[in-house]
Amino acid sequence: MTDIIAIVMTGLALTAFAGTYFQSKNRLQAISVIWLVTLIVATPIINSEWNRINNLLLDEEKSHYGFPKEWEDKQVMCIHFPDDYTSTEFNDGRHHISSSGETIFIDTFWNESGVCLGGFVEYSNGFDFLLNSTNILDEKLLVNYTESSFGPYVNSIGGFTPTGNSYWALYHNGAMSMVGIGDLELNSNSIILWQVDTW
Amino acid sequence: MPAYHVFEMSNLAGLLLNLFLLGVISWNLIMIEKRVNQGQKLIILSICAIFGIAGRILLSPIPNVQPVTVIVLLVGIRMGAKESIFLSTIIALFSNLILGHGIWTFYQAAAWSIVGCLGALFSEKLNSLNRLIFISILSAILFNWIVSISILHSVGFDLFLPYIIAGIPYDLLHVAGNITFMIWLSSPLSEIMSRGNISLGEVENEQISHY
């Protein structure tokens with residue numbers, strides 16, 4: 001949101017300058033170009049915000065509340081980074097990314113910052129879903145894990161490795177998962193959430 | 001949001017479309033030729049076409065900002081409906097040789113033609129820059145919505161309204177682009193076009209009076 005304020009302020013400042021520097025017809029020409037360029041620069045932000053307003057599932061009763069409408073009844077993988085971690089890619093809100101890797105919108109008003117990948121239907125195993133969905137964003141959302149006798153254990157996601165008594169906790173449909181990601185059976189509309197908890 | 005330009009035509013449909021575009025260009029060219037007693041009008045139309053094609057191709061990295069809508073509108077106002085239909089079809093076809101040709105070419109040509117005809121229809125009333133800017137805003141939205149109809153070839157009607165709503169930021173870009181082009185182009189283009197409307201007799205008399 002601060003970006004768009006900066007862009008509009010720059011536009012206003014240039015308009016004020018052009019308004020005093022140029023006369024009559026030239027003034028109109030200069031100001032029209034300034035506002036056209038301002039709009040072009042602001043379009044990606046306006047477009048993302050417009051998509052958020054239009055596409056956000058606002059019904060709090062629904063399990064997929066806060067996600068794009070097109071993800072309703074589909075599988076979603078969310079990673080919420082802790083407040084004190086500044087992610088290089090995802091610190092300006094929660095990014096909603098489609099199964100083809102396109103950013104649908106960035107929700108800067110959401111409480112947590114992070115990534116949600118959604119719109120999947122085909123996964124039945126949690127670990128396949130985690131690796132394949134995060135793979136869409138390549139190294140931006142790299143998952144490091146170690147194999148143990150209980151199945152795979154997730155060490156770090158997206159460059160964040162919890163230390164001390166904190167760990168990447170796995171939630172399935174809003175409740176803490178009783179089994180590890182390797183043994184997790186998915187529904188056709190499962191929501192997987194990774195967030196850093198402490199024990 | 002569904003992607004633009006996803007409808008693939010069969011060879012026959014593509015051929016029919018090309019023939020249709022060619023027909024529109026030739027027919028209007030003949031109709032203009034009949035009523036022109038000297039070549040100047042065609043030269044001006046060619047300049048407008050080259051400018052429109054080049055402008056559209058060169059500005060294609062910026063979505064929806066291009067001078068074609070304003071050029072076609074001004075041609076409709078200053079020269080007439082037939083001229084604007086001719087120009088719309090030429091520009092849509094030739095710029096899409098670079099930008100990608102398909103069923104949308106028809107909708108773009110049709111939409112620009114409608115914009116030009118609208119200009120021709122209200123040419124008497126469009127006598128100040130404010131009114132020209134107003135109609136250029138209307139034309140931007142009209143053009144985008146008409147071209148949006150082309151997605152009905154690939155998606156159902158229930159997705160049409162969400163598609164239109166999702167495209168509103170891009171409509172705004174077209175509106176802003178049109179306002180800018182109208183402010184910059186209205187007087188030079190109107191001046192060139194009004195020169196094209198002088199008949200051969202008038203030009204000769206003018207030249208004689210200079211001697």
Side-chain angles (χ1 to χ4, degrees), chain A residues 1 3-4 7-8 10-12 14-15 18-19 22-58 67-72 95-107 118-119, chain B residues 1-6 55 58-70 128-137 140-141 144 148 155-156 158-191:
Chain A
M1 278 320 271
D3 289 352
I4 195 128
I7 292 167
V8 170
T10 312
L12 284 173
L14 287 170
T15 305
F22 294 107
Q23 293 300 314
S24 61
K25 186 80 191 274
N26 289 348
R27 179 187 293 171
L28 202 57
Q29 289 181 335
I31 290 172
S32 69
V33 171
I34 289 167
W35 282 100
L36 179 62
V37 173
T38 305
L39 188 65
I40 291 168
V41 173
T43 291
I45 304 167
I46 294 171
N47 201 31
S48 171
E49 187 58 19
W50 183 249
N51 277 346
R52 190 185 72 81
I53 293 166
N54 266 307
N55 202 356
L56 192 63
L57 192 63
L58 289 170
F67 296 139
K69 280 176 193 156
E70 62 211 61
W71 291 1
E72 227 186 326
H95 292 229
H96 296 83
I97 294 163
S98 75
S99 52
S100 57
E102 282 171 64
T103 301
I104 301 170
F105 60 76
I106 300 163
D107 196 340
Chain B
M1 197 177 91
Y4 277 106
H5 301 175
V6 287
L58 294 175
L59 290 173
S60 61
I62 310 165
N64 253 341
V65 176
Q66 34 77 14
V68 183
T69 315
V70 164
S128 71
L129 185 60
N130 284 344
R131 287 179 182 185
L132 284 174
I133 289 173
F134 177 71
I135 196 149
S136 76
I137 293 169
I141 296 163
N144 283 8
S148 295
V155 301
D158 53 325
L159 283 176
F160 186 64
L161 195 64
Y163 183 82
I164 293 271
I165 291 169
I168 285 176
Y170 292 95
D171 294 344
L172 274 181
L173 268 181
H174 197 172
V175 166
N178 272 11
I179 293 171
T180 307
F181 282 118
M182 191 50 103
I183 289 169
W184 282 81
L185 295 179
S186 65
S187 29
L189 276 186
S190 298
E191 196 261 333

Next on the checklist: If I compare all heavy atoms of B:W184 with all of A:V33, which pair ends up nearest, and what's the gap?
Outcome noted: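 The answer is NE1-CG2, 3.3 Å.
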Checklist entry - Do you know which two heavy atoms are closest between B:I165 and A:W50, and how far apart they sit? => result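 Scanning both residues, the minimum pair turns out to be O-NE1, 2.6 Å.
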Item to check | Qualifying residue for side chain to side chain contact (heavy atoms under 4.5 Å, CB included) with A:L36, from B:V175, B:I179, B:T180, B:I62 | outcome: B:T180
Item to check | Member of A:I46, A:I45, A:L39 meeting the side chain to side chain contact (heavy atoms under 4.5 Å, CB included) criterion with B:P169 | outcome: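 Testing B:P169 for a side chain to side chain contact (heavy atoms under 4.5 Å, CB included) against A:I46, A:I45, A:L39 leaves exactly one candidate, A:I46.
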Checklist entry - Side-chain contact, heavy-atom cut-off 4.5 Å: B:L129 with A:L28? => result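 Yes; the side chains approach each other to less than 4.5 Å.
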Item to check | Separation of B:I183 CD1 from A:I31 CD1 (nearest 0.5 Å) | outcome: 9.0 Å
Checklist entry - Could you give the distance from OG1 (A:T43) to OH (B:Y170), rounded to the nearest 0.5 Å? => result 7.5 Å
Next on the checklist: Applying side-chain hydrogen bond (donor to acceptor under 3.5 Å, both in side chains), can you list everything that pairs with A:D107, at least two apart in sequence or on another chain?
Outcome noted: none
Checklist entry - What residues, two or more places apart in sequence or in another chain, satisfy side chain to side chain contact (heavy atoms under 4.5 Å, CB included) together with A:T38? => result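 Side chain to side chain contact (heavy atoms under 4.5 Å, CB included) check on A:T38 returns A:I7, A:I34, A:W35.
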